[in-house]
Amino acid sequence: TRGPAAAFGAGWALLAVLPTANVFTQETHFADRYALLAAPGFAAVVAAWMAPAWTDPTHHHRRTAGAAAVVVLALIAHARAGVFRDNGTFLRHWAAVEPSPFRALAALGEEARRAGRDRDAIAPWERAVALEPIRARFLHRHLGMAWERVGDPAAAAQAYRRAVRADRRDAYSRDRLARLSASPGP
């Protein structure tokens, strides 16, 4: 009965991690958090491997190895848990470890904007625009709005100009640019 239990556990673990194995492009490339679904499969494999240790004293090495594995995995989980403390921490970590962190930076800026921290949103958005200017065309408008809210109309106008160049149909950016151009300077 240990063989089928181990096979089931191994199959479960494989099926659980397959969608996040980056065979196909994923939104987020680091998938630690997806290991939870695979954990019962790994537990079944370990339980099937350790079963003889509970009934046969000659298999005490399995008990020791199993206990050591549990301690090591618990330490790894504890060390990684800080990355998932909150969304901002996760996004900053994602941006730091991702080779091309456009999505992470765009999301980090949006996270700051939602929290009402427009000044904190600007830097990640500017970095995202610098990394992938074509994909970032939607960020120009967001940058314009953020620059307006922090009180820098010149930077806002520049961002709105880039937004209009990227998408001529962007009526909001055209309107804001016209209003900024019409308003008297400081």
Side-chain angles (χ1 to χ4, degrees), residues 16-40 72-186:
V17 298
L18 193 58
T20 61
N22 290 318
V23 175
F24 304 104
T25 301
Q26 299 289 314
E27 176 73 19
T28 307
H29 292 287
F30 73 68
D32 308 32
R33 65 186 184 270
Y34 298 117
L36 186 60
L37 183 60
V72 167
L73 291 174
L75 290 172
I76 291 170
H78 179 69
R80 297 291 298 156
V83 171
F84 303 105
R85 182 177 62 240
D86 57 48
N87 202 38
T89 303
F90 169 77
L91 290 170
R92 281 188 295 282
H93 180 73
W94 181 20
V97 300
E98 180 69 23
S100 180
F102 172 79
R103 290 179 179 152
L105 292 167
L108 187 58
E110 181 61 19
E111 176 82 9
R113 185 203 61 80
R114 284 184 185 163
R117 298 185 332 268
D118 289 298
R119 190 166 300 283
D120 294 338
I122 291 169
W125 281 342
E126 291 282 7
R127 192 166 154 223
V129 167
L131 281 172
E132 297 191 34
I134 303 227
R135 274 179 78 192
R137 65 178 183 227
F138 70 94
L139 288 178
H140 297 296
R141 178 197 302 183
H142 294 313
L143 279 162
M145 291 186 288
W147 281 118
E148 276 193 271
R149 286 190 293 262
V150 300
D152 191 336
Q158 183 180 17
Y160 288 133
R161 272 190 217 90
R162 290 189 316 240
V164 171
R165 271 196 307 269
D167 182 3
R168 286 185 168 79
R169 297 170 298 165
D170 186 349
Y172 179 86
S173 294
R174 275 197 324 266
D175 179 61
R176 293 306 306 152
L177 183 58
R179 288 176 190 251
L180 286 170
S181 298
S183 66

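Heads up: numbering here begins at 1 and tracks the sequence.
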Taken in chain and number order and not counting sequence neighbours, the residues that satisfy side chain to side chain donor-acceptor pair (under 3.5 Å) with D152 are none

In this structure, CG of L108 is separated from CZ of F90 (nearest 0.5 Å) by 11.0 Å

Those residues at least two apart in sequence (or on a different chain) that pass side chain to side chain contact (heavy atoms under 4.5 Å, CB included) with A156 are W147, E148, Y160, L180

Minimal heavy-atom distance between S100 and E132, with the atoms involved, is OG-OE2, 3.1 Å

Sorted by chain and number, sequence neighbours left out, side chain to side chain donor-acceptor pair (under 3.5 Å) with Q158 holds for none

Here the ring pair (Phe, Tyr, Trp, His ring centres under 6.0 Å) pairs for residues 98-132, sequence neighbours left out, are W125-H142

The side chain to side chain donor-acceptor pair (under 3.5 Å) partners of R161 (sequence neighbours excluded) come to none

Less than 4.5 Å apart, side chain to side chain, heavy atoms only: is that true for D167 and R141?
no

Residues passing the side chain to side chain donor-acceptor pair (under 3.5 Å) test with D118, sequence neighbours excluded, are R149

Residue set satisfying salt bridge (charged side-chain N to carboxylate O under 4.0 Å, His left out) with R137, at least two apart, ordered chain then number -> none

Hits for side chain to side chain contact (heavy atoms under 4.5 Å, CB included) against T89, two or more places apart or cross-chain, chain-then-number order -> R85, D86, R92

Interatomic distance, CG@L131 vs CZ@R103, rounded to 0.5 Å, equals 13.0 Å

Contacts of R119 meeting salt bridge (charged side-chain N to carboxylate O under 4.0 Å, His left out) (sequence neighbours excluded), chain-then-number -> none

Heavy-atom closest pair (A106 atom, A128 atom, distance to 0.1 Å) is N-CB, 4.3 Å

Value for OH (Y172) from CG (L177), rounded to nearest 0.5 Å, stands at 12.0 Å

Contacts of R165 meeting salt bridge (charged side-chain N to carboxylate O under 4.0 Å, His left out) (sequence neighbours excluded), chain-then-number -> none

Show, in sequence, the C-alpha distance, side-chain angles and deciding distance for D170 and H140, and conclude whether the side-chain contact (heavy atoms from CB on, under 4.5 Å) test is met. CA-CA 11 Å; D170 186 349; H140 297 296; over 6 Å; no

Nearest heavy-atom approach of P101 to R127 is CG-NH2, 3.8 Å

Across all chains, not counting sequence neighbours, the side chain to side chain contact (heavy atoms under 4.5 Å, CB included) partners of D120 are A112, R117

Nearest heavy-atom contact between A159 and G144 is CB-N, 3.4 Å

CD (E111) and CG (L91) are apart, to the nearest 0.5 Å, by 6.0 Å

- Taking atom CZ of R179 as the centre, report whether more than 12 heavy atoms of other residues, nucleotides or ligands fall under 6.0 Å from it. no

Residues passing the salt bridge (charged side-chain N to carboxylate O under 4.0 Å, His left out) test with R174, sequence neighbours excluded, are none

Between P124 and A121 the two heavy atoms that sit nearest each other are CD-O, 3.3 Å

